[in-house]
Amino acid sequence: MNSETNVPRGGDWNLKNVPEMDDEQFQLWQALLEDRTGMQLALQRKSFLQTSVCTRMREVGCETYQQYFLRVQNGPYAEIEWTVLVDRLTVQETHFFRHQSSYDLVRDYTVSKISEQGVRSINAWSVGCSTGEEPYSLGMLFDEINALLGLGVYFGITATDLSMPALSKARAGIYSERKVQGISARRLKKYFKPLERQRHEVVADLRDRICFARINVLELSTVPMENLDIIFCQNLLIYFRRWRRRDIVNQLAERLAPGGIMVLGLGEMMDWSHPKLERLPYENTLAFMRQTS
Ligand SMILES: C[S@@+](CC[C@H](N)C(=O)[O-])C[C@H]1O[C@@H](n2cnc3c(N)ncnc32)[C@H](O)[C@@H]1O
């Protein structure tokens with residue numbers, strides 16, 4: 001046994017004997033994770049952290065938490081190693097059309113922009129897009145609006161996330177039967193191609209409309225996104241401290257075009273206001289519109 005963490009040597013341990021992380025080590029991991037991703041890891045999630053870190057330690061042959069802690073920060077492979085680990089520590093749960101009222105709002109807003117204001121191009125950003133269900137849902141919605149109005153409006157969607165593996169899955173656009181369960185038969189037929197083993201691939205026309213990229217929302221000041229008509233950011237801010245949520249939405253607000261909207265997850269931002277934004281009175285949503293002048 002190793003005296004520092006009680007990890008049996010030789011990699012022959014299994015998840016039943018995941019070694020206990022002491023308080024000091026847990027705080028170091030908490031701080032590293034929050035510093036790099038913004039995510040707060042509550043004490044109740046300690047066993048999740050231990051299991052995730054241990055699984056990875058076993059894969060790369062590290063014997064102690066301390067040794068692995070150094071490995072994700074130093075040396076030529078630190079960046080890659082961190083990328084792998086962070087994918088396992090972040091919550092990537094998502095669904096197609098996850099919060100229907102928010103999509104209803106986007107649909108009504110877009111139709112009014114096109115038919116009442118004569119707009120012929122709409123740019124949207126899905127922030128924290130996970131494995132792609134959110135931007136593909138927006139893409140289906142926009143395509144349906146185009147089919148309905150028949151005006152050939154240009155729709156561009158940028159979808160960003162911190163996790164590289166999540167982005168790879170998003171780019172591939174292949175989903176299991178379970179994942180597409182909430183999608184209507186009509187949409188499934190129009191926007192997905194059946195594959196073997198009951199999988200479904202997003203059709204190329206829809207996939208090609210979306211540009212996926214890695215963006216850490218803690219580094220928004222370095223990101224050249226601007227003049228957006230729609231910013232859709234849901235189920236990401238909930239993992240952050242209040243001051244950080246405010247900081248991020250303040251920066252997102254600055255990226256909106258005049259008259260653009262920012263759609264957040266219900267309850268994700270309390271007591272927040274911005275001098276250039278107005279809250280939209282749309283039922284069961286948390287959304288803001290940037291003033292036109
Ligand atoms: C729970 S998912 C939400 C997915 C989707 N927006 C939805 O509502 O269904 C949260 C996503 O945020 C991403 N994430 C976490 N921290 C991030 C950060 N600092 N920058 C960008 N994305 C981050 C995670 O990788 C994950 O894919």
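Heavy-atom basis, side chains included; hydrogens, waters and symmetry copies ignored. Counting convention: from 1, in listed order, for ligands and their atoms alike. Everything numeric here is computed off the predicted structure, so don't read it as measured data.
- Ion pairing of E254 with K276 is present here, as a side-chain N (NZ or NE/NH1/NH2) and a carboxylate O approach within less than 4.0 Å.
- With respect to D247 and R244, no salt bridge is recorded, no charged nitrogen being found less than 4.0 Å from a carboxylate O.
- Comparing I248, I238, N235, L237 against atom 3 (C) of ligand 1, the shortest heavy-atom distance belongs to N235.
- Counting heavy atoms under 4.0 Å from ligand 1, residue A166 does not touch it at all.
- In summary, E226 and R255 do not engage in a salt bridge, as defined by a charged side-chain N under 4.0 Å from a carboxylate O.
- Residue T131 does not touch ligand 1, judged by heavy-atom distances below 4.0 Å.
- Taking a 4.0 Å cut-off on heavy atoms, M39 fails to register as neighbouring ligand 1.
- Between R107 and E144, none of the side-chain N atoms (NZ, or NE/NH1/NH2) sits under 4.0 Å from a carboxylate O, so this pair counts as no salt bridge.
- Among T90, D161, V217, the residue whose heavy atom lies closest to atom 11 (C) of ligand 1 is D161.
- The protein non-hydrogen atom at the shortest distance from atom 21 (C) of ligand 1 is I215 O, 3.2 Å.
- Among protein heavy atoms, the minimum distance from atom 7 (C) of ligand 1 is reached at R98 NH1, 3.2 Å.
- Side chain of N146 to backbone of V153: a donor-acceptor contact under 3.5 angstrom is found.
- Against a heavy-atom cut-off of under 4.0 Å, L236 is close to the following atoms of ligand 1: 12 (O), 14 (N), 15 (C), 16 (N), 17 (C), 23 (C).
- Between the side chain of R199 and the backbone N or O of E196, at least one donor-acceptor pair lies under 3.5 Å.
- Residue contacts with ligand 1, taken as heavy atom pairs separated by less than 4.0 Å, involve E93 solely via the backbone atoms N, CA, C and O.
- A pairwise comparison of heavy atoms in R245 and F240 identifies NE-O, 3.0 Å as the closest pair.
- Polar contact check, L162 against ligand 1: a nitrogen or oxygen pair lies under 3.5 Å apart.
- Between Y239 and ligand 1, not a single N/O pair is under 3.5 Å apart.
- Judged by distance alone, the side chain of Q73 and the main-chain N or O of F69 form a donor-acceptor pair under 3.5 Å.
- Ranking protein heavy atoms by distance to atom 4 (C) of ligand 1, first place goes to G128 O, 3.2 Å.
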